[in-house]
**Student:** 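I'd like to ask you about the structure that follows.
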Amino acid sequence: MKKIILTIISLLGIFLLSGCSDFLNPDEYGRPEGWQTEADVWGAIAALYSNVSNDSEGVTGRGIMWFECCSDNMTVGRKQDEGNQIRNFQMSPSNGRDAKDTYPAMYQINAKANNIINVVPNMNTISDVLKNKAVGTAYFWRGLSMLWIAPYYGDNGPNGGIPIILHDTEPSKMDEPRPASVLMNYDQIIKDMQTAAEYLPYLSELPVSEYGLPHKAAAWAFAARAALYASQWDKSYYNIVNEMCSKVMELSGPDKRDLFDDGSADPFSALWTRENNFSSEYLFSLLGNATDGPKFHGMSFNQDGWGLYNTWGYYQPTYNLYKAFEEGDVRRDATILFPGQHIQFVGRDIHFGSYAYNISSDTGLTFRKFMSPWKEADCIGKEVSTNGNNASNTLGMCFMRFADVLLMKAEALIALNGEGNSEAKALLNRIRKRARLPENSPATWAELKNQRRCELAFEFMPSRHIDLIRWGDAQKVYAEPTLKVTSSYNWSTYQIDVVTDVHYDEGRTFDPVKNQVFPLPLKAFDGSVNMVQNIGY
């Protein structure tokens, strides 16, 4: 099956000409005058996917997942001083591991999108179909690039938002003071996603060769996510969440979206396979292959993969997350590998924590959710990269799926109508049913928060850390001890002995004013006079 990602990789040489390396440099922010053919436009579209590459380790390899280590779902996973500084809210503008690469990378994408919006509508040498697809994709990525970073760097006071640079922003206006509120960023993201949806086709109208490009439902869903994050500051945004989610849920025919459920005892595990990348649940992912692409999945498994494959061991689950799953929830063992359990890895039956297969994770647990590409003995070179330092794989990096739409809609209903809302109950029961739990949701805030935590754990864009901040829970949750497990192989019983509820730390200090944002990286100040650092950093 031909995928758009292959087209993107083949056009790397073209797209480098369509961006700008410094979004505040007027000399580099300009129109590409040479676009004339459809191939030129496809190259410009490919430019928006510049981070779907092994070379973009700091963006789609690790990137914002260093920030997610602040959450109660996971730790840094192995010794990494800068990673632990982030986790303990001690980050400075000059550190930040790969996370510091994301901010300038997103503004480069923003600039490339602006180039398309400026140039493509006036081209008379391409079809209207491609013109609409290109412009819609540009608005989509302009919105997504800002949604990628705005929640981590902007607030509604005391710092404000992050720079808004549009296709009609004059170079002399690029170094304006920061917007007064991050709500201005969210408003623009929502507007961009709604505009994108007007131009983009439905998913059913995309040929298979173009799977991986955005479509109407994806744009509506990301508009909902931007509004969800904005609701931290203004509850009226829940109305937009409700509206945008409803548009996705009301699709019918070949565009109808639904939770993937194959009728098996554990459909959640089956969801996380290459074969189901484009199941009924799909909304938007970054696609990969065994040669080049996002490599986050290979970074997040037991370090060194017992010599079978060079997995890196970052981002390991906490026992707090393990305990958050209800008894009988199939998502728990589909998400987290516990000592004594088995997993097939590069054709071997791994007895996790046995004398032959040690545990390197600093929490005694490791990820299972994304490991299907490494299952078979012949996976190397077929499903995963031959180079463990560039662990690209065939499982798409999920940014948005239908389960998130149901959870966003349920949250909006509870926020607008109160706990116990019947429609919210029905939505949460759909989530529970696929998890093979009793369909008895009370539709309380506690239930909603826990379902969101368990359903979306470790996924690259939905952020548990941001959720805790916007709900006002971060200070209390982070003050509680982080828990891990310890285990040892008992040679007399040939069993693995496990001790649970061991303290990984005694809790962390979170300042709800200062630490609701991270320090802007030093690169954010390149070419700027008016840029101001977040307070306290």
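Predicted model only: the values in this text are computed from it and were never measured.
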**Student:** Side chains of Ile109 and Asn51: closer than 4.5 Å at any heavy-atom pair?
**Tutor:** yes
**Student:** Assess the side chains of Tyr319 and Asp501: does a donor N or O sit below 3.5 Å from an acceptor N or O?
**Tutor:**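 Side chains of Tyr319 and Asp501: no pair found under 3.5 Å.
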**Student:** Are Tyr478 and Phe89 close enough that their ring centers fall under 6.0 Å?
**Tutor:** yes
**Student:** Would you please say whether a donor-acceptor pair under 3.5 Å links the side chains of Asn156 and Ser181?
**Tutor:**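 On atom types as modelled, these side chains qualify, holding a pair under 3.5 Å.
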**Student:** Honestly, is Lys523 close enough over Tyr103, meaning NZ or CZ under 6.0 Å from the six-membered ring centre and within 45° of the axis?
**Tutor:**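 Ring-cation test returns no.
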**Student:** Does Leu456 offer a backbone N or O that forms a donor-acceptor pair with the side chain of Asp404 under 3.5 Å?
**Tutor:** no
**Student:** Take Arg62 and Tyr315, measure what side chain to side chain contact (heavy atoms under 4.5 Å, CB included) needs, and give me the verdict at the end.
**Tutor:** CA-CA 9 Å; Arg62 293 180 288 196; Tyr315 316 131; 2.9 Å; yes
**Student:** Is the backbone N or O of Ala324 less than 3.5 Å from a side-chain atom of Asn450, with the two atoms forming a donor-acceptor pair by type?
**Tutor:**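 Side chain of Asn450 to backbone of Ala324, a donor-acceptor pair under 3.5 Å: yes, one is there.
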**Student:** If we ignore angles and hydrogens, is there a donor and acceptor under 3.5 Å between the side chains of Asp511 and Asn515?
**Tutor:**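 No, no side-chain donor-acceptor contact under 3.5 Å.
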**Student:** Does Asn185 use its side chain to pair, donor to acceptor, with the backbone of Gln188 at less than 3.5 Å?
**Tutor:**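 No, Asn185 side chain to Gln188 backbone: no donor-acceptor pair under 3.5 Å.
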**Student:** Ser463 and Glu68: side-chain donor and acceptor closer than 3.5 Å?
**Tutor:**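 Distance-only check passes for Ser463 and Glu68.
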**Student:** Taking the six-membered ring for Trp, are the ring centroids of His297 and Phe460 within less than 6.0 Å of each other?
**Tutor:** no
**Student:** Can Tyr237 and Asp187 be counted as having a side-chain donor-acceptor contact under 3.5 angstrom?
**Tutor:**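 Side-chain D/A pair, Tyr237 to Asp187: present.
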**Student:** Set out, in order, the CA-CA distance, both residues' side-chain angles and the distance that settles side chain to side chain donor-acceptor pair (under 3.5 Å) for Asn289 and Thr394, then state yes or no.
**Tutor:** CA-CA 4 Å; Asn289 56 61; Thr394 57; over 6 Å; no
**Student:** Check whether any side-chain heavy atom of Val182 lies under 4.5 Å from a side-chain heavy atom of Tyr153, and answer yes or no.
**Tutor:**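 A side-chain contact under 4.5 Å is absent here.
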**Student:** With distance as the sole test, does Gln80 use its side chain to make a donor-acceptor pair with the main-chain N or O of Glu82 at under 3.5 Å?
**Tutor:** yes
**Student:** Just how far is it from atom CG of Asn88 to atom CG of Asp505, taken to the nearest 0.5 Å?
**Tutor:** 7.0 Å
**Student:** Give the C-alpha distance, both sets of side-chain angles, the deciding distance and a yes or no for salt bridge (charged side-chain N to carboxylate O under 4.0 Å, His left out) between Glu376 and Lys382.
**Tutor:** CA-CA 10 Å; Glu376 302 299 338; Lys382 178 181 177 182; over 6 Å; no
**Student:** Would you check if there is a donor-acceptor pair between the side chains of Gln451 and Arg331 at a distance under 3.5 Å?
**Tutor:**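 Distance-only check passes for Arg331 and Gln451.
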**Student:** What is the distance from atom CZ of Arg97 to atom CE of Met91, rounded to the nearest 0.5 Å?
**Tutor:** 11.5 Å
**Student:** Could you walk me through whether Arg452 and Asp467 pass the salt bridge (charged side-chain N to carboxylate O under 4.0 Å, His left out) test, one step at a time?
**Tutor:** CA-CA 9 Å; Arg452 188 167 178 84; Asp467 283 348; 2.7 Å; yes
**Student:** Between Arg142 and Asn114, do the side chains contain a donor N or O and an acceptor N or O under 3.5 Å apart?
**Tutor:** yes
**Student:** For residues Thr482 and Arg87, is any side-chain donor paired with an opposing acceptor at under 3.5 Å?
**Tutor:** yes
**Student:** Can you check whether Asp72's main-chain N or O pairs, donor with acceptor, with Asn320's side chain at less than 3.5 Å?
**Tutor:** no
**Student:** Would you please indicate if the ring centroids of Phe140 and Phe284 are separated by under 6.0 Å?
**Tutor:**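 Ring centroids of Phe140 and Phe284 are less than 6.0 Å from each other.
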**Student:** Taking the cut-offs as 6.0 angstrom to the six-membered ring centre and 45 degrees off its axis, would you call Arg78 and Tyr314 a cation-pi pair?
**Tutor:**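 Yes, Arg78 and Tyr314 form such a contact.
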**Student:** Measure the acute angle between the ring planes of Phe67 and Tyr152, then classify it against the limits of 30° and 60° as parallel, tilted or perpendicular.
**Tutor:**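 Tilted.
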**Student:** Answer yes or no: does atom NZ of Lys191 have more than 12 heavy-atom neighbours from other residues, nucleotides or ligands under 6.0 Å?
**Tutor:**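 Not more than 12 within 6.0 Å, no.
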**Student:** Do Pro339 and Leu365 have side chains that approach each other closer than 4.5 Å (heavy atoms only, starting at C-beta)?
**Tutor:** yes
**Student:** How long is the straight-line distance from CG of Asp292 back to OG of Ser53, given to the nearest 0.5 Å?
**Tutor:** 4.0 Å
**Student:** Check whether any side-chain N or O of Asp304 sits under 3.5 Å from a backbone N or O of Trp306 as a donor-acceptor pair, and report yes or no.
**Tutor:** no
**Student:** Just to verify, which of Trp374, Phe458, Phe370 counts as forming a ring pair (Phe, Tyr, Trp, His ring centres under 6.0 Å) with Trp272?
**Tutor:** Phe370
**Student:** Any non-hydrogen side-chain atom of Ile350 less than 4.5 Å from a side-chain atom of Gln344?
**Tutor:** no
**Student:** Answer with yes or no whether the side chains of Asp175 and Ser528 bring together a donor and an acceptor at under 3.5 Å.
**Tutor:** yes
**Student:** Before we go on, tell me: are the rings of Phe301 and Phe367 under 6.0 Å apart, centre to centre?
**Tutor:** no
**Student:** Nearest 0.5 angstrom please: Ile165 CD1 to Glu176 CD, how far?
**Tutor:** 10.0 Å
**Student:** Does the side chain of Gln341 come under 3.5 Å of the side chain of Asp333 through a donor N or O and an acceptor N or O?
**Tutor:**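 Note: Gln341 and Asp333 side chains meet the donor-acceptor criterion.
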**Student:** If you define the side chain from C-beta out and look only at heavy atoms, does anything of Leu483 sit under 4.5 Å from His503?
**Tutor:**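 Touching, per the 4.5 Å side-chain cut-off.
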**Student:** Run the ring-centre check on Tyr322 versus Phe338 and record whether the distance is less than 6.0 Å.
**Tutor:** yes
**Student:** Is the backbone of Trp141 close enough, under 3.5 Å, to the side chain of Ser145 for a donor and an acceptor to pair up by distance?
**Tutor:** yes
**Student:** Please check if the side chain of Ser300 supplies one atom and the backbone of Phe296 the other of a donor-acceptor pair under 3.5 Å.
**Tutor:**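 Side chain of Ser300 to backbone of Phe296: a pair is present.
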**Student:** Roughly how far apart are Arg453 CZ and Arg464 CZ, rounded to 0.5 Å?
**Tutor:**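 Those atoms lie 4.5 Å apart.
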**Student:** Quiz question: by atom type and distance under 3.5 Å, do the side chains of Glu383 and Asn393 form a donor-acceptor pair?
**Tutor:** no
**Student:** Counting N and O atoms only, with roles assigned by atom type, does the side chain of Ser56 sit under 3.5 Å from a partner on the main chain of Val59, one being a donor and the other an acceptor?
**Tutor:**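 The answer is no, because no donor-acceptor pair under 3.5 Å joins these two groups.
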**Student:** Find the distance between CZ (Phe352) and CZ (Arg368) and round it off to the nearest 0.5 Å.
**Tutor:** 9.5 Å
**Student:** When you compare the side chains of Trp471 and Glu411, does any donor N or O come within less than 3.5 Å of an acceptor on the partner?
**Tutor:** yes
**Student:** Quick check against the 3.5 Å criterion: does Thr366 have a side-chain atom that pairs as donor or acceptor with the backbone of Asn302?
**Tutor:** yes
**Student:** Exactly one of Ile190, Asp192, Ile189, Leu147 should register a side-chain contact (heavy atoms from CB on, under 4.5 Å) with Phe222. Which one does?
**Tutor:** Leu147
